[in-house]
K.L.:
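Submitted below is the structure of interest, expressed as structure tokens.
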Amino acid sequence: MRTGRGGRSKARALIMFILVSVLSGALAAGLAVPFAGFAGQGSEQVAETVQSLPKEFESDPLAVRSRILAADGSLLATLYEQNRVPVRLSAISPIMRKAIIAIEDSRFYEHGALDLKGTLRAMVRNQTGGEVQQGGSSITQQYVKMSLVEKAKNAAERAKATEVSYQRKLTELRYAIAVESQLSKDQILERYLNLANFGDGTYGVQAAAQHYFRTTADKLTLPQAALLAGLVKNPTGYDPTNDLARAKGRRDVVLRRMLELGVITPHQANQALRSPVIDPAKVEPVPNGCANSRYPFYCDYVVSKLLENPELGKTVKDRDHYLKTGGLLIRTSIDPKIQAAAQASIERHTQRTDSAIAAITIVEPGTGLVKAMVQSRKYGNGRFQTNYNYNVEKSYAGGYGGFQNGSTMKAFTVAAALAKGIPMDYRINSPQQIDMSKTRFQTCTGTTRDPTYRPRNSTRGGNLTMVEAARYSTNTYFLQLSQRTGLCAIAKVAAKLGMYNGQTGKPLDEVISMTLGVGYVTPLMLSNAYATFAARGKYCAPLVVTSVRDKAGRPVPGPGFNCRQVLPRQVADGVNRVLSAVMMPGGTGGRLRFGTRDMAGKTGTIQENKAVWYAGYTPNLAAASVVADANLPYTNLMHRHTLNGRDIADPTGSGTAGPLWQTAMQGALSGLPAERFVAPPKRLIGNPNAKPPATTRPTPNRPR
């Protein structure tokens, strides 16, 4: 470029200024300011400007991706704002270090914060061109600039960190001096290689090596290292996934520079120049977020639970940022084997185009560990897809909020009755239809009744015991039993077992039909409640996050296991005996029994067949399955709804939701020991031929 007399004069003046500054010591540690904007100022004024700049440099912690793992250690999801995996310099191949130094700062180990020769060359070129241009920055200066951009909290701060101005360059130089005084050259290079943007969403050399070559930073070859080194200057422009030819041209520039400097031999250079840049088929994508997880609905629930943990930040926004930048290792409860069994059941009994939806959750009794969570609709926004998680409450990300659970509520009535001393042999005359219009039910705040309530059975009636009524799911028996125990007792048992309205988060309503299903509950909620019976009355809050460790490997406190005894063990043993009858021959769940394991369960069908349930358990696992209409307003499943591609002609808990439960549990229990329920005490079993004790006889139907 030809320059005029004025340009040459400015250049000479600036060179003289730098030399005077260095010799006079006005700029510490040999710092020279290569900008013509200062050439006309006095040395004292420049010295004052420099002295007013910060003298120390603090970089923020690197944004590092977090990982969510299954119980077996397999990867479920990666969360990040920047896909980065920091490594030590010793874990980066020597050829990679040589490549980045060759192309970005060949005298890196020889100069201080500023490469005076390189800066003077760039200064003359830039100043005679009439504007500030890129060039001449040392690796230390580049590291400072990248760090300042990383620290920027908003667009305005990012713009200031990258603006083309003398002040910005001067600030970087002052910071570079501080960095050189605080860190060794190796430490600076290590931080630089972990911080740099290598294109296509990768940050740091380790993530880049994995992404482009499916290798690690310590195994990078010469042509691979040259490609990555060339990306730093323009990560988007030289991205090989965007423009392979341009990426090759830049890589070859790096190789020739390495040859020029004697870093590699001509033979090595020729071999590298002839090698392919990348194999596009082998570029490894790094999916970000739960939408790309193999278990997206479960992953969303995990993240929601993490966002509740105050140890991850003061606000939800702070926690979300930490999740995506903190390099956390998050282990979860999901068991891929059990999850696969539940998914296989969904695939066997449903089709993608079904109008009805199906969902299953499996929980481990005694721990609350959520072992599986599946549903028939796929994750997404397309037809026959959804972002709703039909297994969890509305308060969680994507949570649908549940469905009315029908006669699965009868289990809580059984528990309340046994806790009051009413034995299993307690007989009640249970006709096919009963007039309860004048019957008052005790609530926690008074009494209630429905002057129009005349319920009927959908199964057999008669003079039945509690065990017989459970086996046949006799409505009129359990309505009368709930009147004797009181709705308050049932509500308290249900609440202790984690039952509440999944739509509103409020307690279940104490209405006279409570034992036949009330409010909206979720498969997660119901399976975990039934797991309490399996665990002999020990309730454990559902647990999906089993541990969290920060990037240094230190544990991050979290809720952890939260278990407590909420029912007397013998009462839970009694419930297990009563609900075992459901799965015996003649019971509503009798056809779902398999093998010789101890099993217990309960069917559930809500009014007008808008949802059908099966909830059941062994001592090892508990599960709840639901088939429902998920479209508002809800409609009868018999009316133009399909499951597994066929019209649902007769929706029932055992015949419609039951097979989903059965197939899932059969696979989930495979290989687990066949544990047994503990027998309840004789006082709860009673004598089927004995008359009810006086203390458990029906109370008069009068106001209280």
K.L.:
Within the distance-only criterion (no hydrogens, no angle test), does the side chain of Ser66 pair as donor or acceptor with the backbone N or O of Leu328 below 3.5 angstrom?
P.N.:
yes

K.L.:
Under 3.5 Å, is there a donor-acceptor pair between the side chain of Arg84 and the main chain of Ala63?
P.N.:
yes

K.L.:
Do any N or O atoms from the side chain of Asn242 and from the backbone of Tyr238 form a donor-acceptor pair under 3.5 angstrom?
P.N.:
no

K.L.:
Do Lys305 and Leu543 come close enough that some side-chain heavy atom pair is under 4.5 Å?
P.N.:
no

K.L.:
Given side-chain contact (heavy atoms from CB on, under 4.5 Å), test Gln662 with Phe594 step by step and report yes or no.
P.N.:
CA-CA 8 Å; Gln662 181 189 48; Phe594 56 88; 4.0 Å; yes

K.L.:
With a cut-off of 6.0 Å (strictly less than), are more than 12 heavy atoms of other residues, nucleotides or ligands near NZ of Lys219?
P.N.:
no

K.L.:
Give a yes or no answer on whether the side chain of Arg597 reaches the backbone of Pro673 with a donor-acceptor pair at less than 3.5 Å.
P.N.:
yes

K.L.:
Quick check: does any side chain N or O of Arg331 sit under 3.5 Å from a backbone N or O of Thr546, one acting as donor and the other as acceptor?
P.N.:
no

K.L.:
Atom CG of Leu637 and atom CG of Asn609: how far apart are they, to the nearest 0.5 Å?
P.N.:
6.5 Å

K.L.:
Kindly check if the number of other-residue, nucleotide or ligand heavy atoms within 6.0 Å of CZ (Arg214) is above 12?
P.N.:
yes

K.L.:
Counting distance only, does the side-chain N/O of Asp629 pair as donor-acceptor with the main-chain N or O of Lys610 below 3.5 Å?
P.N.:
no

K.L.:
Show your working on side-chain hydrogen bond (donor to acceptor under 3.5 Å, both in side chains) between Gln142 and Tyr192 and close with a plain yes or no.
P.N.:
CA-CA 8 Å; Gln142 291 182 48; Tyr192 176 91; 2.9 Å; yes

K.L.:
Ignoring hydrogens, what is the shortest heavy-atom contact between Met373 and Ile334? Give both atom names and the distance.
P.N.:
N-CD1, 4.1 Å

K.L.:
Could you state the interatomic distance from CG (Leu183) to CD (Glu190), rounded to the nearest 0.5 Å?
P.N.:
10.0 Å

K.L.:
Taking the side chain as everything from C-beta on, heavy atoms only, tell me whether Pro296 gets closer than 4.5 Å to Asn387.
P.N.:
no

K.L.:
Indicate yes or no for a side-chain donor-acceptor contact from Asn405 to the backbone of Thr408 under 3.5 Å, with no hydrogens or angles considered.
P.N.:
no

K.L.:
Nearest 0.5 Å, what's the CD1-CZ distance between Ile330 and Arg549?
P.N.:
13.0 Å

K.L.:
Between Tyr530 and Phe533, does the ring centre distance come in under 6.0 Å?
P.N.:
yes

K.L.:
Do the side chains of Gln666 and Ser345 get nearer than 4.5 Å, heavy atoms only?
P.N.:
no

K.L.:
Atom CZ of residue position Arg294 - does it have more than 12 heavy atoms of other residues, nucleotides or ligands inside 6.0 Å?
P.N.:
yes

K.L.:
Rounded at 0.5 Å granularity, tell me how far OG1 in Thr532 sits from CD in Gln565.
P.N.:
9.5 Å

K.L.:
Hey, does the side chain of Tyr143 reach the backbone of Ile188 with a donor-acceptor pair shorter than 3.5 angstrom?
P.N.:
no

K.L.:
Given Tyr390, which partner from the list Phe297, Tyr400, Tyr520 fulfils the ring pair (Phe, Tyr, Trp, His ring centres under 6.0 Å) test?
P.N.:
Tyr400

K.L.:
Any side-chain heavy atom of Tyr322 within less than 4.5 Å of one from Asn309?
P.N.:
no

K.L.:
Kindly check if the number of other-residue, nucleotide or ligand heavy atoms within 6.0 Å of NZ (Lys492) is above 12?
P.N.:
no

K.L.:
Heavy-atom distance under 4.5 Å between the side chains of Phe403 and Ile357, does that happen here?
P.N.:
yes

K.L.:
Taking the side chain as C-beta and beyond, is there a heavy-atom pair between Met514 and Asp509 under 4.5 Å?
P.N.:
no

K.L.:
State whether the side chain of Ser293 and the backbone N or O of Ala77 hold a donor-acceptor pair below 3.5 Å, judged by distance alone.
P.N.:
no

K.L.:
As an exercise, state the distance from CZ of Arg377 to CG of Asp354, rounded to the nearest 0.5 Å.
P.N.:
8.0 Å

K.L.:
Can you find a pair of side-chain heavy atoms, one from Pro240 and one from Leu227, that are under 4.5 Å apart?
P.N.:
yes

K.L.:
Does the Ser355 side chain pair with the main chain of Thr642, one donor and one acceptor, at a distance under 3.5 Å?
P.N.:
yes

K.L.:
Mark yes when over 12 heavy atoms from residues, nucleotides or ligands other than Tyr388 sit less than 6.0 Å from its OH; otherwise mark no.
P.N.:
no

K.L.:
Rounded at 0.5 Å granularity, tell me how far OG1 in Thr353 sits from CZ in Arg383.
P.N.:
8.5 Å

K.L.:
From the options Thr241, Asp200, Thr202, select the one residue that forms a side chain to side chain donor-acceptor pair (under 3.5 Å) with His211.
P.N.:
Asp200

K.L.:
Would Tyr301 and Asn391 count as a side-chain hydrogen bond (donor to acceptor under 3.5 Å, both in side chains) here? Give the steps.
P.N.:
CA-CA 10 Å; Tyr301 181 60; Asn391 281 288; over 6 Å; no

K.L.:
What I'd like to find out is whether the side chain of Tyr500 reaches to under 4.5 Å of the side chain of Met525, using heavy atoms alone.
P.N.:
yes

